[in-house]
Amino acid sequence: MTVSYTHLSHTAGWVGGLMRLLFLWKGSLFKQVWPDFLFFFGVYFLLSALYRLILVEYEDSKVAYELFCVYCEKFSKVIPISFLLGFYVTQVVSRWWSQFMTLPWPDTLARYLAVYMPGTDQKSRNYRRTICRWVNLGNVLALRLVSYKVMVRFPTYEHLVESGLATHKEMIQLKQMDDLVVNKHQITWFPNMWAQNLLRKARREGLVENDWFSHVLIKEVDSMANMNGMLICYGWISIPLVYTQVVTLAVYAYFVACLFGRQYLLPTQYRSEGDMFIPVSDFPTVSNWTGTRMPGAVNIVGYDNDVADFYIPIFTILEYLFYMGWLKVAETLLNPFGEDDDDFDTYYLIDRNLQVSYIMSDEAGLPVDPEMDPFDFSNAPELKHTNLSAQFLDDERPHMPTDNLNLTAEQTNIASSTSLRSSKLNVNIGSKINLAGSILATPVTVRRRSSEGTAGVKSVYLEVPNGAPGMFVTAPKHQATTDISQVNNTASVQDSQLGISTPTSTRKNVNSSPLSSRNDRMLFSVHQNESYAGPEKPEIWQDFGIE
């Protein structure tokens, strides 16, 4: 059963905060690691006693043991235990939560049944209850494949009949389907197909009002069948075994090395005299560190002389709890359908889904007549508080970043002037862009001018709808030829009037983007004037060179 502890941490104002949770036993770190913890440190203290009581009498054996311990301490650091464990646990936790979100809940289907297949007659009620029972039967069949607890509760189809989830006739059909697939494939979808066929029958009999309601109900049953399939996939496809083995091997190999590498050693102290090491004293004691430490004396095994003999490895204990607890988290969440304290409550889920779906589809589906508005038709009703809840009114309104912004009267005055550059842009460009943009956005008829066009110059006729506000267009004089340089010069003059700098190379290359060149020249050559009211439709001829 999942261990809930949020009721003990509803506020962070208590002294110690989450420290209170360390005294919980069910689902706790200590319950998970205590067998491994006792075994590990039992071996640790056994090796320590063997070293202190026996090996100290034999210098050669003592030195060999000390060298091995120093070797384990030095090279145990090459195991990337933090990286391996961190990434592995992240994947396991993500997979664990995804499995919980995949659990099918019949609540939506039951509510839809109550609304889309109403009726208090025996037939309507039986249809609704049968559909709910079948979708719950499909869910139990899926859970039997992934959960040991569910399988031992319903080991055979006969137990499903005894519990009321299936009838004898339905059990025979399930067994026949198993024989058909030779027990090679899961058949959790079979009861859901029964439910879908019954919904189709209910639509033909008029129990469901229209096809759309029937479609919604069938899709909801299909969604539950798909979620059952996802549960089976999670039970079928696990995190690759090799990765689980790598992480487990890394953790246990690391702590086997710590059994020796974290031992407090008592190496003999030596002093160098010529080419020889002469023993001068034993390792200094914690109780008389300054009195027992020999100046200039060193040990010959590479042990850190500054690490005193404290007997109990406090930080090794903490490290073991952290890393081994981390691994136990992964072991617990790897299969959330087991019997661990934090596994899913499958028994509760099965019973709850069956009971709630029956209540929703039957009892809760009865019509309820509305009563008078208890807020007396108030547009902004307020709910009342108890004396205790009134103490938490600090979150009555969310605080926004600009709530405390205070401006003086001078700062809130409307500015009476704008910059010269801004005014110039508004006069010279703003109105023309808006006006020309409206013209360019209207449908434009483009056709060739057959008589006046010459080699190297393409002339097109643009027919613009009349009546554009503020636009005065004059028909150009038809000329036999058009000089490309004249077009470039005209564009240059217009650019200079608008304060736009155009590179020379761009002006010369008229053919680089003909349509853009045409639009740009039209955009900046439109003159704002009174509306054109001439008798004839104006024509705009625009010339641009082509190769």
Side-chain angles (χ1 to χ4, degrees), residues 1-42 81-82 84-105 139-140 142-154 230-231 234-235 238-239 241 243-245 247-248 250-252 254-255 314-353 355-356:
M1 180 177 181
T2 304
V3 179
S4 178
Y5 57 85
T6 52
H7 61 286
L8 299 176
S9 57
H10 58 88
T11 180
W14 295 90
V15 177
L18 299 179
M19 289 291 293
R20 294 176 297 166
L21 302 181
L22 297 179
F23 298 98
L24 299 180
W25 176 252
K26 186 176 182 180
S28 66
L29 165 67
F30 309 106
K31 183 178 180 180
Q32 295 292 329
V33 305
W34 75 265
D36 299 273
F37 181 86
L38 292 180
F39 177 79
F40 176 83
F41 284 99
I81 184 173
S82 298
L84 292 174
L85 261 179
F87 186 76
Y88 182 71
V89 173
T90 300
Q91 297 300 317
V92 170
V93 171
S94 176
R95 188 174 184 271
W96 164 77
W97 184 248
S98 297
Q99 289 182 76
F100 179 76
M101 297 304 295
T102 307
L103 289 173
W105 301 84
N139 182 225
V140 171
L143 290 175
R144 288 174 72 247
L145 299 177
V146 298
S147 174
Y148 174 80
K149 291 170 59 178
V150 178
M151 178 57 80
V152 297
R153 183 177 179 181
F154 306 105
M230 287 297 297
L231 281 180
Y234 276 116
S238 302
I239 293 179
L241 176 62
Y243 194 21
T244 303
Q245 290 176 336
V247 173
T248 305
V251 173
Y252 281 98
Y254 177 79
F255 283 110
I314 301 298
F315 289 95
T316 302
I317 293 176
L318 293 176
E319 187 179 28
Y320 185 87
L321 292 176
F322 299 153
Y323 284 136
M324 190 57 67
W326 213 356
L327 182 63
K328 292 298 181 180
V329 168
E331 291 182 6
T332 301
L333 303 184
L334 194 59
N335 179 17
F337 296 100
E339 308 97 64
D340 294 321
D341 290 338
D342 279 303
D343 286 339
F344 299 154
D345 305 324
T346 50
Y347 289 170
Y348 168 77
L349 289 174
I350 292 173
D351 296 335
R352 180 262 176 206
N353 287 344
Q355 295 171 9
V356 171

Asker: Checking side-chain contact (heavy atoms from CB on, under 4.5 Å) for the pair Leu334/Tyr88: CA distance, chi angles, key distance, verdict?
Answerer: CA-CA 10 Å; Leu334 194 59; Tyr88 182 71; 3.9 Å; yes
Asker: For the atom pair CE (Met324) and CH2 (Trp34), what is the distance rounded to the nearest 0.5 Å?
Answerer: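 The CH2 atom of Trp34 is 15.0 Å from CE of Met324, to the nearest 0.5 Å.
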Asker: Phe154 vs Val150, test: side-chain contact (heavy atoms from CB on, under 4.5 Å). Steps then yes/no.
Answerer: CA-CA 6 Å; Phe154 306 105; Val150 178; 4.1 Å; yes
Asker: More than 12 heavy atoms of other residues, nucleotides or ligands under 6.0 Å from OH of Tyr243: yes or no?
Answerer: yes
Asker: Would you give the length of the straight line joining atom CD of Gln32 to atom CG of Leu321, rounded to the nearest 0.5 angstrom?
Answerer: 12.5 Å
Asker: Quick check for you: to the nearest 0.5 Å, what is the distance between Leu103 atom CG and Asn139 atom CG?
Answerer: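 Rounded to the nearest 0.5 Å, the CG-CG separation comes out at 7.5 Å.
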Asker: A quick test of your reading: do over 12 heavy atoms of other residues, nucleotides or ligands sit less than 6.0 Å from OH of Tyr347?
Answerer: yes
Asker: Is it the case that the side chain of Ser147 and the backbone of Phe337 share a donor-acceptor pair, with hydrogens and angles ignored and the cut-off at 3.5 Å?
Answerer: yes
Asker: Going by the rule side chain to side chain donor-acceptor pair (under 3.5 Å), which residues pair with Ser94 if we only count those two or more places apart in sequence or in a different chain?
Answerer: none
Asker: Which pair of non-hydrogen atoms, one from Lys31 and one from Lys26, has the smallest distance, and what is that distance?
Answerer: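 Shortest heavy-atom separation between Lys31 and Lys26 comes out as CD-CA, 4.3 Å.
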Asker: Test of understanding: with ring-ring contact (aromatic ring centres under 6.0 Å, His included), list the residues that count as partners of Phe41, not counting sequence neighbours.
Answerer: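 Per chain and number, Phe41 pairs via ring-ring contact (aromatic ring centres under 6.0 Å, His included) with Phe37, Tyr320.
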Asker: Using the test salt bridge (Lys or Arg N to Asp or Glu O under 4.0 Å), find all partners of Arg144 that sit at least two apart in sequence or belong to another chain.
Answerer: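 Partners of Arg144 by the salt bridge (Lys or Arg N to Asp or Glu O under 4.0 Å) criterion come out as none, since no residue qualifies.
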Asker: Return the CG to CG distance between Leu327 and Leu84, rounded to the nearest 0.5 Å.
Answerer: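 Atom-to-atom, Leu327:CG and Leu84:CG are 11.0 Å apart.
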Asker: Over all heavy atoms of both residues, which pair between Asp343 and Pro336 is shortest? Give the atoms and the distance, please.
Answerer: CB-O, 3.1 Å
Asker: Would you name the heavy atoms of Ala330 and Val92 that are closest together and state the gap between them?
Answerer: O-CG1, 3.7 Å
Asker: Provide the closest heavy-atom pair for Leu143 versus Ile350 in the form atom of the first, atom of the second, distance.
Answerer: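 Smallest heavy-atom distance, with atoms named: CD1-CG1, 3.8 Å.
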Asker: For Arg95, give me all partners under salt bridge (Lys or Arg N to Asp or Glu O under 4.0 Å), at least two apart in sequence or on another chain.
Answerer: none
Asker: Please report the closest heavy-atom contact between Trp105 and Leu349, naming both atoms and the distance.
Answerer: CH2-CD2, 3.4 Å
Asker: Over all heavy atoms of both residues, which pair between Asn353 and Pro104 is shortest? Give the atoms and the distance, please.
Answerer: ND2-O, 3.7 Å
Asker: Write out all pairs satisfying salt bridge (Lys or Arg N to Asp or Glu O under 4.0 Å) with one or both partners inside residues 324-336, taking only residues at least two apart or from two chains.
Answerer: Asp36-Lys328, Lys328-Glu331
Asker: What residues, two or more places apart in sequence or in another chain, satisfy side chain to side chain contact (heavy atoms under 4.5 Å, CB included) together with Leu145?
Answerer: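 Scan of Leu145 (side chain to side chain contact (heavy atoms under 4.5 Å, CB included), adjacent residues dropped) gives Gln186, Thr188, Ile232.
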Asker: Say you draw a straight line from OH of Tyr234 to CG of Asn335; how long is it, rounded to the nearest 0.5 Å?
Answerer: 13.5 Å
Asker: What's the separation between atom CG in Leu333 and atom CZ in Phe344, rounded to the nearest 0.5 Å?
Answerer: 8.5 Å
